[in-house]
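One-based numbering, in listed order, for ligands and for the atoms of each.
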Amino acid sequence: MKLTTFILALAIYGLFIATATDAAKPKYKYKKPVPRNGTDVYQGSSFFDKFDFFTASDPTDGFVRYVNADTARSNNLTFVKNDTIYVYSDHTNIAPKGRMSVRLSSKSKYNSGLFIFDILHMPTGCGTWPAVWTFGDDWPNNGEIDIVEGVNNQAKNAMTLHTNAGCTMKMVELRESGTMVNANCDVGKSDQGCSVTDKRTSSYGTRFNENEGGVFAVRWSSSGIQVWFFPRNSIPQDIIDGTPKPTSWSLPSADFPFKSCTPSYFRGHRIVVDNTFCGDWAGDTFSEMCPGKGSCANYVKNNPHAFKEAYWAFRSFKVYKV
Ligand SMILES: *[C@@H]1O[C@H](CO)[C@@H](O)[C@H](O)[C@H]1NC(C)=O
Ligand SMILES: *[C@@H]1O[C@H](CO)[C@@H](O)[C@H](O)[C@H]1NC(C)=O
Ligand SMILES: *[C@@H]1O[C@H](CO)[C@@H](O)[C@H](O)[C@H]1NC(C)=O
């Protein structure tokens, strides 16, 4: 074989190989928005099956009567409609013994995770104290993470950790867009916990609801806990696709690094959803935030129609591994 023929043969062979290899490759990969393996999904008609209904008296001294699953269903406080999950408080009856409401506690427990809470509507109004949060048994020994929380007509969301002694965010570099209001997480030092307030009014209350809510994301890993809030019109595509990538997101609203705190303060957390009335926070601030309405308990007892907006509506909760 002459050298030129040989080179030509090589070139044709190379072209053939390249073409064959290209032909074997699919043109694109179809990516289904299916959550990663190991993801816990709370959505649709099975949502309530994944929770226990707490029926004891409210540990935060609220003017509330938490009801069981059957009572909640028969009073139309819990239902699923068009794939949206609704959790109401009673808004039709005078309530001499405390307003009927629901406190859900997930059957699953977590020691870490990337939590995606897609929320369309939250309870609002004078006297309300709604929260989406997590905590471990034997409080405060296994910690508490408050993701969405506020009282009365509060305008911005509060994100807070509560722990036993020794966990603090003092003298620690925080990479967050929210405003730190208190740095010590120890419940023995203050009821406030280490707490950060979101700067945006879209993060809580009536403004949140007008905007069809949004997504709260919590990354809880061995290096710390961060909370993001994405208003409805700016939810990252990777969250919508079911492949959340926190490293691609903007600064979190709240950053709680494990530097002067350790992962051991947070163990075996259940997800909790509730709405209580008055009590240790909404009650103590009621006359200041809702002047001219008398006592919180009397207001909540006698004005059922004031609580039409006191409901949660969820698309889904998803818990990915970190
Ligand atoms: C999911 O993970 C488990 C172990 O963690 C494994 O047994 C199972 O095969 C995996 N399923 C898929 C679809 O990857
Ligand atoms: C339950 O409450 C919702 C919202 O108030 C309402 O749309 C629905 O019709 C009620 N269902 C029943 C069975 O009363
Ligand atoms: C049902 O939910 C979908 C998706 O969230 C929404 O686009 C649609 O308008 C809803 N339909 C009704 C009747 O509420």
For residues 120-128, tabulate all N or O donor-acceptor pairs below 3.5 Å that involve a side-chain atom, not counting sequence neighbours.
| from | atom 1 | to | atom 2 | distance (Å) |
| --- | --- | --- | --- | --- |
| His121 | ND1 | Tyr311 | O | 2.8 |
| His121 | NE2 | Asn209 | ND2 | 3.3 |
| His121 | NE2 | Glu309 | OE1 | 2.7 |
| Thr128 | OG1 | Gly125 | O | 2.7 |

* Asked: Would Phe115 and Phe216 count as a close aromatic pair, with their ring centres under 6.0 Å?
  -> no
* To do: Report yes if Asn76 has an N/O atom closer than 3.5 Å to an N/O atom of ligand 2; otherwise report no.
  => yes
* **Closest approach of Phe229 to Ser203 (non-hydrogen atoms, all atoms of both residues)** => CE2-CA, 3.5 Å
* Return yes when at least one protein heavy atom is under 4.0 Å from atom 5 (O) of ligand 2, and no when none is. => yes
* Which part of Phe79 is near ligand 2, with near meaning a heavy atom under 4.0 Å away: side chain, backbone, both or neither? -> side chain
Which pairs would a plain distance check flag for residues 270-280, meaning a side-chain donor or acceptor within less than 3.5 Å of a matching protein atom at least two apart in sequence or in another chain?
| from | atom 1 | to | atom 2 | distance (Å) |
| --- | --- | --- | --- | --- |
| Arg270 | NH1 | Ser106 | O | 3.3 |
| Arg270 | NH1 | Lys107 | O | 3.3 |
| Asp274 | OD2 | Trp133 | NE1 | 3.0 |
| Asn275 | OD1 | Trp129 | N | 3.4 |
| Asn275 | ND2 | Ser89 | OG | 3.1 |
| Thr276 | OG1 | Asp58 | OD2 | 2.7 |

* **Nearest-contact summary for atom 7 (O) of ligand 2 - protein heavy atom, Å** => Lys81 NZ, 3.4 Å
* Asked: Would you call Tyr86 a ligand 2 contact, heavy-atom distance under 4.0 Å?
  -> no
* Asked: Is the SG-SG separation for the cysteine pair Cys261 and Cys185 below 2.5 Å?
  -> no
